[in-house]
Amino acid sequence: MSDSTPAAPVVLDVWCDLQCPDCHRALGDVRALRARYGDRVEIRLRHFPLEKHKYAYAAAQAAEEAAAQGQDWPYIEALLARTEDLGKGGEPVLLDVARELGLDAEEFDTALIDGRHLLIVDADQAEGKAIGVTGTPTYVVGDERLDGGTSQEGLRGRIEEIVDRLLADRG
């Protein structure tokens, strides 16, 4: 590797349930981390729909359709801002958010019916279970897992410590 080749970014996986109010509250930390580190950190949303949230599984599939249409994070952020609406209004809220962002809502509806994104959601959930994720949000950076489902207090600072260390180790 030459000195001009940038190092691969540190990966921060955020295990999320898109109907989870705690995940909505965590969005501020995710935005702050993105602003602080830019392209030095790759923040990846990983799906972990919880059984207690009736529409979380469909929401995860809808987020994958948004990604297919090139609007993953805008859709995720808009949907997390409406977790209460989703709980009350169900799947039509998923299509409303798509329309509000100018996405093809008919294609969202078709994707939810034909299940084209089921494998991605199921694979994320299985991987999460395999590494010990039990609630959302849960963050994995480096080889450390941080559970934000009980409290967000101090988590961003802890994530920043780990990221700073990993970036320094890369040198």
Side-chain angles (χ1 to χ4, degrees), residues 1-50 53 56 59-84 86 94 97-98 100-103 117 119-171:
M1 179 189 293
S2 72
D3 290 336
S4 64
T5 304
V10 169
V11 173
L12 170 62
D13 283 333
V14 181
W15 298 86
C16 184
D17 170 321
L18 293 171
Q19 193 180 338
C20 172
D22 291 331
C23 290
H24 175 235
R25 284 188 286 281
L27 202 50
D29 286 340
V30 170
R31 287 182 184 130
L33 291 164
R34 191 180 291 132
R36 176 174 175 174
Y37 294 106
D39 60 3
R40 295 179 301 150
V41 173
E42 178 185 355
I43 299 174
R44 302 187 307 193
L45 180 104
R46 305 297 302 274
H47 300 291
F48 202 79
L50 301 170
H53 294 135
Q61 294 174 70
E64 286 301 317
E65 181 56 33
Q69 293 188 30
Q71 293 289 319
D72 51 351
W73 278 103
Y75 186 83
I76 289 162
E77 290 189 22
L79 190 56
L80 281 172
R82 297 180 61 181
T83 55
E84 190 174 326
L86 179 58
L94 302 174
V97 171
E100 289 164 12
L101 293 173
L103 299 171
H117 303 296
L119 291 177
I120 295 169
V121 176
D122 288 346
D124 272 5
Q125 193 163 38
E127 184 180 339
K129 286 179 181 176
I131 65 169
V133 174
T134 57
T136 59
T138 295
Y139 306 89
V140 177
V141 59
D143 59 356
E144 297 192 46
R145 187 181 74 238
L146 304 164
D147 179 9
T150 52
S151 171
Q152 293 291 307
E153 188 70 34
L155 270 182
R156 187 171 82 207
R158 182 71 186 116
I159 292 167
E160 288 172 346
E161 289 172 17
I162 296 166
V163 169
D164 289 343
R165 185 185 74 235
L166 292 170
L167 289 171
D169 288 349
R170 294 174 180 199

Exercise for review: Please report the shortest heavy-atom distance between T136 and C20, naming the atom on each side.
Suggested key: OG1-SG, 3.4 Å

Exercise for review: Compare all side-chain heavy atoms of P137 with those of C23 and state whether any distance is below 4.5 angstrom.
Suggested key: yes

Check your understanding: Does R46 offer a backbone N or O that forms a donor-acceptor pair with the side chain of D124 under 3.5 Å?
Key -> no

Practice item. Give every residue pair that meets the salt bridge (Lys or Arg N to Asp or Glu O under 4.0 Å) criterion with at least one member in residues 60-72, sequence neighbours excluded. Key: E65-R116

Check your understanding: Are R145 and D13 close enough for a salt bridge, meaning some N to O gap below 4.0 Å?
Key -> no

Review point. Are E160 and R165 within salt-bridge range, i.e. N to O under 4.0 Å?
Key: no

Exercise for review: Just do the side chain to side chain contact (heavy atoms under 4.5 Å, CB included) check on I162 and L146 with the steps written out, would you?
Suggested key: CA-CA 11 Å; I162 296 166; L146 304 164; 4.0 Å; yes

Check your understanding: At what distance, to the nearest 0.5 angstrom, does CG of D143 lie from CG of L166?
Key -> 8.0 Å

Review point. Relative to W73, does R31 satisfy both conditions: NZ or CZ under 6.0 angstrom from the six-membered ring centre, and within 45 degrees of the ring's axis?
Key: no

Check your understanding: Can you check whether E42's main-chain N or O pairs, donor with acceptor, with R34's side chain at less than 3.5 Å?
Key -> no

Point to revise | Shortest non-hydrogen separation from L80 to D17 and the atoms involved | key: CD2-O, 4.1 Å

Review point. Do D164 and R36 touch side chain to side chain, with heavy atoms closer than 4.5 Å?
Key: yes

Practice item. Considering non-hydrogen atoms only, spot the tightest contact between G135 and L50 and give its length. Key: CA-CD2, 4.4 Å

Point to revise | Interatomic distance, Q71 atom CD to L101 atom CG [nearest 0.5 angstrom] | key: 6.5 Å

Point to revise | OH on Y75 to CD on E100, rounded to 0.5 Å | key: 9.5 Å

Check your understanding: Minimum heavy-atom separation for I76 to A63, with atom names?
Key -> CG1-CB, 4.2 Å

Review point. So which heavy atom on T83 is nearest to which on P21, and how close?
Key: OG1-CA, 4.1 Å

Practice item. Identify the two heavy atoms, one from Y139 and one from A26, that lie closest to each other, and give their separation to 0.1 Å. Key: OH-CB, 3.1 Å

Check your understanding: Less than 4.5 Å apart, any side-chain heavy atom of V141 and any of V163?
Key -> yes

Review point. Any sub-3.5 Å donor-acceptor pair from R156's side-chain atoms to A32's backbone N or O?
Key: no

Point to revise | Atom pair CG/CG of L86 and L18 - distance to nearest 0.5 Å | key: 8.5 Å

Check your understanding: With sequence neighbours left out, what residues match E161 under side-chain hydrogen bond (donor to acceptor under 3.5 Å, both in side chains)?
Key -> R158

Check your understanding: Is atom CD of E144 surrounded by more than 12 heavy atoms (other residues, nucleotides or ligands) closer than 6.0 Å?
Key -> yes

Practice item. Working to the nearest 0.5 Å, report the span between CH2 of W15 and CZ of R44. Key: 8.5 Å

Review point. If you measure from CG on L167 to OH on Y37, what distance do you get to the nearest 0.5 Å?
Key: 7.0 Å

Exercise for review: Starting from the C-alpha separation in whole Å, work towards a yes-or-no answer on side chain to side chain contact (heavy atoms under 4.5 Å, CB included) for L33 and V41.
Suggested key: CA-CA 8 Å; L33 291 164; V41 173; over 6 Å; no

**Study point:** Sub-4.5 Å side-chain heavy-atom contact between P49 and Q125
**Key:** yes

